[in-house]
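Atom set for the values below is all heavy atoms of this structure, side chains included, hydrogens, waters and symmetry mates excluded. Since this is a predicted model, take the numbers as computed values, not measurements.
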Amino acid sequence: MGEPVRRRGWHGRATALQSTTIEAYRALWQLLFDFDLTKRIVAVARPADEPLRWMLRNPPALRVTRQSDNLWVRLLDVPTALEARTYDVAGSVTCTPTNASPDLTLDVPALGSLYLGGASAALLASAGRIHPHRADAVATLSRLFRVDPEPFNSFAF
């Protein structure tokens, strides 16, 4: 008799898992989970709000080792960009010359991150990128610019 066959298990790498519906997305992941002898799956280039963690039987088993959204913007015509953007809640964002005191001030990279909707104004404020001059200004800004799901570009350029 020969030696027993040792099965090492399948180590998959999901590099471009996309779908048009959340149901299809879950079904694709389930297919990968269900392969016999699956030991580990590496999910490359996934969005920050990836639902994969919550699809697992053991959510803490997911390890994030690297994250990048591959998406950056610098607004050149701020008033036009703010007018063109849609918002999910009522409020106002103005960017015009005025003598009134501002509700808050922020830097150019923070504005780009907020505009796309992937960054929390509260997080940017805690990092020193947004400076509130009114108590509720950061919370209001956060609600105005938040989007769901977060923006994501799976292809680096």
field: Shared hydrophobic cluster, L76 / W72 (ILVMFWY, side-chain heavy atoms < 4.5 Å)
entry: no
field: Cluster overlap V147 with V138, hydrophobic side-chain contacts below 4.5 Å
entry: no
message: Measuring only between side-chain heavy atoms, which start at C-beta, is L56 closer than 4.5 Å to L62?
response: yes
- prompt: Does Y115 share a hydrophobic cluster with V108, counting links as ILVMFWY side-chain heavy atoms below 4.5 Å and allowing steps through other members?
  reply: no
- request: State the CD-CD distance between E23 and Q30, to the nearest 0.5 angstrom.
  value: 14.0 Å
- request: For residues L114 and L106, determine if any side-chain heavy atom of one lies less than 4.5 Å from a side-chain heavy atom of the other.
  value: yes
message: If hydrophobic clusters are built by linking Ile, Leu, Val, Met, Phe, Trp and Tyr wherever their side-chain heavy atoms come under 4.5 Å apart, do L104 and L123 end up in the same one?
response: no
task: Could you name each residue pair satisfying salt bridge (charged side-chain N to carboxylate O under 4.0 Å, His left out) that touches residues 113-134, not counting sequence neighbours?
output: D103-R134, D107-R129, R134-D136
- request: Nearest 0.5 Å please: distance from the OG1 atom of T105 over to the NE2 atom of H133.
  value: 3.5 Å
field: Inter- and intrachain pairs under side chain to side chain donor-acceptor pair (under 3.5 Å), touching residues 52-65, at least two apart
entry: none
Set of residues satisfying side-chain contact (heavy atoms from CB on, under 4.5 Å) with respect to A27, sequence neighbours excluded: none
- prompt: With no hydrogens and no angle check, is any side-chain donor or acceptor of R85 less than 3.5 Å from a backbone partner on F145?
  reply: yes
task: Of all the heavy-atom pairs spanning G117 and P151, show the shortest one and how long it is.
output: C-CD, 3.8 Å
- line: Here the pair of heavy atoms bringing A110 nearest to L124 is O-CD1, 3.9 Å
field: Closest non-hydrogen atom pair, I130 against A121
entry: CD1-O, 3.7 Å
field: Flag side-chain contact, heavy atom, 4.5 Å: P51 against W29
entry: no
